[in-house]
Number of protein chains: 2
Amino acid sequence: MKLNPSPFKETPEEAGSLILERFVPYRLSVLSNTVSRAIARIYAERFDLTIPEWRVMAQVGRHGRLTASDIIGLTAMDKVRVSRAVARLTAAGRVEATSDAADRRRQVLALTAAGRRIYREIVPLALEREARLLDALEPKECQALDRLLAKLQARASTLAPHGEGELAEPD
Amino acid sequence: MKLNPSPFKETPEEAGSLILERFVPYRLSVLSNTVSRAIARIYAERFDLTIPEWRVMAQVGRHGRLTASDIIGLTAMDKVRVSRAVARLTAAGRVEATSDAADRRRQVLALTAAGRRIYREIVPLALEREARLLDALEPKECQALDRLLAKLQARASTLAPHGEGELAEPD
DNA sequence: GGATATTAGTTTCATATGAAACTAAATCCA
DNA sequence: TGGATTTAGTTTCATATGAAACTAATATCC
């Protein structure tokens, strides 16, 4: 299969040379980290929440009762990260874990009243941040972004070791 | 200023609710990490290089003689990360650091012969991975991606604590 | 000239990460 | 039934990270 040359290095001098600032994996990494940092700050400062914890709360807040395994499937995080996030959330009284009577290996998770309160507070803030980011784009560009992210994720998952995935650092 | 509502949650039931899988910061994070993982594997397995080291080599390989400060400006990495990457690269004999006679706080970095050899080997592999990723897109979409990444990065930098930036983890 | 403030880069320290090993509970299957 | 395998989740351990403190050299200001 002939690969589509990147449109970013069309000029002849650039063919075969690598300019990091135009290298898409690098750009994605820097962008993702800039955005994450901005959002993580809200979670951390106002709610003492890490990103893994936020993801757990987002899923439990939306879906109701979930097990850790469900969350692993829903959040692209590995089980160690989920386990630790859940441990911290339960310690903080934001999530309650009750062991499933039908299968006592499983813990069914649900937000506590305090957890729900925080959830209701965070969601608008998170949406507002996202809106502020997307506000840099025209509505059509937003739709294009949606499609591009989906296509790239699908492709990237086939290139990755395991499938899709999350890790701590980037290029 | 009225914020443009995200086009991904137009349906009324979704307004004000947050679906993580559609949340752009989350999607960016997962995509970036999937891509990074796939590329980092090449660097690590074949060359025993970390991503920070790869970035340093990419910049020194392209620009010739640079100081650590130059690299900080060019790579969105903080000085600790650059310092460690450079230390490992010099220990491995891939980069040579000579202290600048004019300002002896500075170390001027350059690839050694071994470093250049590796650099020439990696660049095509990295470009090939990028091409394989972008090959999921139409040429027009590639151009759109280029523009979207630029716009989003510009906006994100204004939302972030410091400016643009890199960190270890994401949402 | 010489005290003070900056700048380049390194080290320390506390925290986050994930692969691999582990524990406990189900499930398989003979 | 009862041993072997799988699955849910936790713990261990080695590594990566970055804020803050630090060192050394230069620039500034009087």
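In what follows, chains carry the letters A, B, and so on, assigned in the order in which the sequence lines appear, proteins first and then strands, with residues in each chain numbered from 1. Quick note: numbers below take in every heavy atom, side chains included, and nothing from hydrogens, waters or symmetry partners.
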Within 6.0 Å of CD in B:E96, more than 12 heavy atoms from elsewhere: no
Value for CE (B:M57) from CZ (B:F47), rounded to nearest 0.5 Å, stands at 9.0 Å
Find which nucleotide of DNA chain C each of A:K79 and A:D100 is nearest to by heavy atoms, and output the residue with the more 5' nucleotide. A:K79
Can you find a side chain N or O atom of B:R37 that sits less than 4.0 Å from OP1 or OP2 on C:dA19? yes
Minimum-distance nucleotide to A:V80 side chain [options: D:dG18, C:dA20, C:dT17]: C:dA20
In whole Å, what is the span from the CZ atom of A:R104 to the P atom of C:dA24? 13 Å
Pair B:R55-A:S29, side-chain donor/acceptor within less than 3.5 Å: yes
Return the nearest nucleotide to the side chain of B:R105; candidates are D:dG9, C:dA8, C:dG18. C:dA8
Among D:dC13, D:dT17, C:dA25, which nucleotide sits nearest the side chain of A:R84? D:dC13
Can you check whether B:R81 has a side-chain N or O nearer than 4.0 Å to OP1 or OP2 of D:dT17? yes
Classify A:A102 by what it touches in the nucleic acid, base, sugar-phosphate, or nothing, heavy-atom distance under 4.0 Å. sugar-phosphate
Between D:dT7 and A:R106, is there an OP1 or OP2 to side-chain N/O distance shorter than 4.0 Å? no
Of the nucleotides C:dT10, C:dA8, D:dG9, which has the atom closest to the A:T67 side chain? D:dG9
